[in-house]
Structure formats: structure tokens, C-alpha cells
Amino acid sequence: MEHDFYTALRYARHTQHEVGLRYWKHSARVLDVGCQLGALGQVLADTPHDYTGLDMDSSVLASAQASLPAAHFLQGDVESPSVTRNGTYDVVVCSLVIGLLKNWRQAYLNMIRLTKQNGHLFLVDLLRNPWHRPPGDHSVLPYIQEQVARSLTWQEVEELAHAARSWAGNRNVRLRRLLDDGTRLAPDASHCAQPDRDGLSVFELWLHPGNQLPTERDGA
């Protein structure tokens, strides 16, 4: 599928803002699942975090490594049990990828296992929702219909959230809908009241340690 680095970069900035990675007081091991050209690595380049990108495409990884020589990149399939290294990463991120996977349930379980017991697992992706119209200037418009058609439904996303709660332990699970208007991601509290709004339906699923968030902005 065609790759849109601008959109990936917007979603990477959203991720680092929500998880608060720029405010962490210590270096974290971050795994970017389906990293493509390493947009999240670009966003975290001036932070102390140890960034690793995982992708199946060797040519994409070569390009990512060339632009991020200090980062680590692994070729592998998150759907395969062989990629699982239990409790390895403080933060696991999967952006604009899980809806494209054939075995997305197994992939998500593998991501949970890759995350440390008190770590963060952050998913953000398009949602299959016929109510919203893609904005005319949206950067992914040439192939957005294909990607939305392959995205998860809200019912399938709730299934992931249930799996997260089963594995959460003392961590919290946050699931919410967002609307992507082509410029920003914002909470979509009125998705039922205004079904014809311009924008892309998005879901965000975050497994996190709650009050233990290690950020300056939270007073840690």
C-alpha cells in the first residue's frame, strides 16, 4: 500500500504528546511496530529514548536506517510468535498498521507480551466507519478508501480492549474515538450526533500504568 510520511508524522506527534514521551525523566526502550520510514523515531530523535523500529519490508528499513543512523531497526512480522521477547520494552507503539494485518488479534497479544509489566502499549489507527467523509485535502486521499475498508470495526476494537483488560494487571486501559480532519486528531464525542462530518474516524487504545506516568507534566 502507498506510504504517506506526512500522515505518519502527524500520528507520531500525536503519540508522543499523548504518552508524554518528551517529558519523561529517564530513557525508555520504545518499539515502533510497523515503523515504515521511522516517523516516530524522527519525532523522538532529540530525546534520550532508545528507539527500535520493526517492519517486514527490508527496503523500507534500509531507508529508515539511513535517515536515523543512531536508531535500531528489526525486520520481522509482529503476527509471528517468533518476534515476541517478553517484557522487553517500556513503550510499544502501533500506528496506522493493525487494521492492515491478517491476524491482528495475535499481533496485539504479541505486542502486549513485548511490553514491560508496568509499560505502555499505544495503538492508534483508522476505524471502519461509513458515517464520516474524508476531507478533500486529506493527505491520504488517493488510497484512503482501501485503507478504511481494511480497518477494524468498532466492535473489533472493543475486542482488543477486552484483551487488554484481561492482561492489564494493575494498569489502566483507555479506549476512545477520535476524528482526523486532515490537520489534527481530536476527541470525537459527537460521532453519532453528526454522522456526516468531514474527517476520518480513528480509534486510540492505550494500556498504561495510570498514576505511575513518569512525566514532569504529571508532577512525577
Distance check, rounded to the nearest 0.5 Å: [X] atom [atom1] versus [Y] atom [atom2]?
{"X": "D55", "Y": "D32", "atom1": "CG", "atom2": "CG", "result": "9.0 Å"}
{"X": "Q16", "Y": "L40", "atom1": "CD", "atom2": "CG", "result": "8.5 Å"}
{"X": "H49", "Y": "S27", "atom1": "NE2", "atom2": "OG", "result": "7.0 Å"}
{"X": "N103", "Y": "S80", "atom1": "CG", "atom2": "OG", "result": "10.0 Å"}
{"X": "F73", "Y": "L61", "atom1": "CZ", "atom2": "CG", "result": "7.0 Å"}

Ring centre gap for W167 and H162 strictly below 6.0 Å: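 For W167 and H162, the ring centres are not under 6.0 Å apart.
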Would you indicate whether the side-chain heavy atoms of [Y] and [X] approach each other to under 4.5 Å?
{"X": "L123", "Y": "L160", "result": "yes"}
{"X": "T7", "Y": "L96", "result": "yes"}
{"X": "I98", "Y": "L152", "result": "yes"}
{"X": "V173", "Y": "H208", "result": "no"}
{"X": "V78", "Y": "L54", "result": "yes"}
{"X": "L127", "Y": "W154", "result": "yes"}
{"X": "Y51", "Y": "C35", "result": "yes"}
{"X": "R177", "Y": "V202", "result": "no"}

Residues, nucleotides or ligands: over 12 heavy atoms within 6.0 Å of E158 CD: yes
Enclosure of R184 CZ (heavy-atom neighbours >12, cutoff 6.0 Å):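 Atom CZ in R184 is not crowded, with 12 or fewer foreign heavy atoms closer than 6.0 Å.
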I'd like to know if [X] pairs up with [Y] as an ion pair, taking the criterion as any Lys NZ or Arg NE/NH1/NH2 lying under 4.0 Å from an Asp or Glu carboxylate oxygen.
{"X": "E159", "Y": "R105", "answer": "yes"}
{"X": "D188", "Y": "R176", "answer": "no"}
{"X": "R174", "Y": "E204", "answer": "yes"}
{"X": "E18", "Y": "R13", "answer": "no"}

Mind listing the closest non-hydrogen atom pair of [X] and [Y] along with its distance?
{"X": "V30", "Y": "Y89", "value": "C-CD2, 4.1 Å"}
{"X": "E79", "Y": "A107", "value": "CG-CB, 4.0 Å"}
{"X": "M111", "Y": "C94", "value": "SD-CB, 3.6 Å"}
{"X": "G99", "Y": "D125", "value": "N-OD2, 3.1 Å"}
{"X": "H14", "Y": "L185", "value": "CG-CD1, 3.5 Å"}
{"X": "Y11", "Y": "S95", "value": "CB-OG, 3.4 Å"}

side-chain contact (heavy atoms from CB on, under 4.5 Å) assessment of T15 paired with V124: CA-CA 8 Å; T15 297; V124 59; 4.0 Å; yes
Residue that, paired with D90, satisfies side-chain hydrogen bond (donor to acceptor under 3.5 Å, both in side chains) out of H120, K116, R29: K116
Backbone N/O of [Y] and side chain of [X]: donor-acceptor pair under 3.5 Å:
{"X": "E156", "Y": "T153", "result": "yes"}
{"X": "Q36", "Y": "V60", "result": "no"}
{"X": "R10", "Y": "D180", "result": "no"}
{"X": "T115", "Y": "V92", "result": "no"}
{"X": "S67", "Y": "A64", "result": "yes"}

Test log, rule side-chain contact (heavy atoms from CB on, under 4.5 Å), inputs L100 and Q147: CA-CA 7 Å; L100 304 177; Q147 182 146 354; 4.3 Å; yes
CA sep, side-chain torsions, deciding dist, call: L175, W206, side-chain contact (heavy atoms from CB on, under 4.5 Å): CA-CA 7 Å; L175 173 61; W206 184 14; over 6 Å; no
Evaluation steps, side-chain contact (heavy atoms from CB on, under 4.5 Å), between L21 and L44: CA-CA 8 Å; L21 286 166; L44 299 178; 4.0 Å; yes
Single-linkage hydrophobic cluster M56~L101, side-chain heavy atoms < 4.5 angstrom: no
